[in-house]
Amino acid sequence: MFDNYQFTASERFMRYVQVDTQSDPLSNTYPTTEKQKNLSKVLVEELKQVGVKDAEMDEFGYVYATIPSNTNKEVPVICFCAHVDTAPDASGTGVKPILHKNYKGQDIVLPNDKNQVLQKAHFPYMEKLIGHDIITASGTTLLGSDDKAGVAEIMDAANFLITHPEVKHGTIKILFTPDEEVGKGTAKVDLQKLSADYGYTLDGGEAGSLEDETFSADGVQIVIHGVITHPGYAKGKMVNALKIAADILSSLPRAELSPETTDGKQGFIHPVRVDGIAEKVTIDFIIRDFVTEGLKKKEDFLLNVVEMVMENYPTASFEFNVQEQYRNMKEILDQHQQVVNYAKEAINRSGLQLKMESIRGGTDGSRLSFMGLPCPNLFAGEQAIHSKLEFISVQDMNKAVETIVHIAKIWEEKS
Ligand SMILES: [Zn+2]
């Protein structure tokens, strides 16, 4: 199906990464940075050039577009989604993408900072890319494959579907979002307007990987109220909330239940912020587990730690507040098994080895899934994301394009 197709994903990608779209965690505007719209506008223009007539950007920088159905069958509406912003962790200004053709397995020294060296010892995936064409940044910025790879792949898939009307598919929706990296990617999304039944984010790593599981996540805030008096006359009266907070933190387990000592399917209790004075201290925690009931167990454990410490301070008091953050998308995806199954089949048809993965974090896909758009995450080829050493294989990107097209086709076939 793709033998004579001239893929455009990498050429698009090389252009998109040069547009600075860094989002800003401290901003209260939507989008958090106006410059993200610079790429969204380009995408709307290019979609129109490809023939996607209704492509538009809204005031918040979201791009919505439709590839009309070309079949008589009733097929669920499928959306492909990627985010335009790049992470605040490394500069996204003045990105200079470099194409390294026919990679031979050597270390790659990035030209503008010779200390930035891509080594197979650190990135074993490079071994699999021998013979591929690899794109890197120049050493002073991130590359932005997270998630401009996904953006470019969806754009190329749109180009393929429109120029290959013999490939039958239902209505395909395209959604590009801002602010994913600062946790606000779905804040202003209009799912009514999108009107899709199922979605796929393209925001994963290694070719063939498919993520259908994320953490479930709560936040816990503990507020400790001490007893305050003039320090010169405090004997027998003062209770210092800072010292209580220190006791609580030092009572937390270290060898287990911590991010720094867990991996795989293990969750954790993680203090992220302490704020306070002798009178009153606030401690913020994030609680993570793949099983939602596991969150409650961890919260009970934490409450127990706090109560034990507080027994030593009978005149002090505390509040313990749990706030839901997001939930494991598998809870939703298990109710719509064809979404993941068709993606698995599409990966096989693209000639790739399927690799199921769990995300030790949340994604826009997990939020979208719970907002009514069941949405696993497909590979986009991104490697070493959020760093100056970011890299991506052109051939992996093309495989992602093929996978998108196969998914569109499979939904039509099975409807
Ligand atoms: Zn991403």
Side-chain angles (χ1 to χ4, degrees), residues 9 12-13 16-17 19-25 31-33 35-36 39-40 43 60-63 79-92 95 97 123 125 135-137 141-155 157 174-189 199-215 217 325-326 329 343 355 357-369 371 373 375-393 396-397 400-401 403-404:
R12 291 177 192 277
F13 176 76
Y16 302 160
V17 297
V19 183
D20 182 357
T21 55
Q22 192 178 58
S23 48
D24 177 2
T32 60
T33 54
K35 61 188 176 187
Q36 293 177 67
L39 180 56
S40 294
L43 298 173
F60 308 113
Y62 290 78
V63 174
C79 175
F80 294 98
C81 174
H83 63 93
V84 298
D85 65 315
T86 58
D89 310 58
S91 169
V95 174
F123 303 108
Y125 188 62
I135 302 172
T136 67
T141 66
L142 50 62
L143 175 62
S145 68
D146 176 9
D147 184 23
K148 286 165 183 168
V151 172
E153 290 153 8
I154 293 170
M155 292 293 290
I174 293 171
L175 174 67
F176 296 128
T177 61
D179 294 329
E180 191 267 356
E181 298 290 0
V182 295
K184 293 179 177 172
T186 57
K188 297 284 178 187
V189 72
Y200 298 89
T201 49
L202 275 109
D203 197 13
E206 164 164 4
S209 65
L210 172 61
E211 296 165 326
D212 65 344
E213 203 170 7
T214 60
F215 271 146
Q325 291 179 330
Y326 58 84
M329 63 174 155
K355 199 175 164 211
E357 290 184 343
S358 308
I359 308 171
R360 287 177 63 80
T363 66
D364 274 356
S366 44
R367 292 183 186 87
L368 289 170
S369 292
M371 288 166 77
L373 187 73
C375 198
N377 188 34
L378 282 168
F379 73 94
E382 309 160 16
Q383 298 294 325
I385 57 171
H386 299 198
S387 80
K388 294 174 184 172
L389 293 175
E390 231 184 310
F391 63 100
I392 191 163
S393 144
D396 282 2
M397 293 182 74
V401 176
T403 303
I404 295 171

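Please read these numbers as outputs of a predicted model, since none were measured by experiment. Heavy atoms only: backbone and side chains are in, while hydrogens, waters and symmetry mates are out. Ligands are counted one by one from 1 in listed order, and the atoms in each one are counted from 1 as well.
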Restricting to non-hydrogen atoms, name the atom on Ile135 and the atom on Leu143 that form the minimum distance, rounded to 0.1 Å.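 Smallest heavy-atom distance, with atoms named: O-CD2, 3.6 Å.
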Point-to-point distance, once rounded to the nearest 0.5 Å, from CD of Glu206 to OH of Tyr125: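 Reported value, rounded in 0.5 Å steps: 5.0 Å.
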Under 2.8 Å: N/O/S of Asp147 next to the Zn ion (ligand 1): no
Closer than 2.8 Å to the Zn ion (ligand 1): does that hold for any N, O or S atom in Glu181?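 No, outside the cut-off.
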Nearest 10°: the angle subtended at the Zn ion (ligand 1) by Asp203 OD2 and His83 NE2? 90°
Closest Asp146 atom to the Zn ion (ligand 1) [N, O or S only]: OD1
I'd like to know if the side chain of Gln36 and the backbone of Tyr62 have a donor-acceptor N/O pair within less than 3.5 Å. no
Could you walk me through whether Glu181 and Ser23 pass side chain to side chain donor-acceptor pair (under 3.5 Å), step by step? CA-CA 7 Å; Glu181 298 290 0; Ser23 48; over 6 Å; no
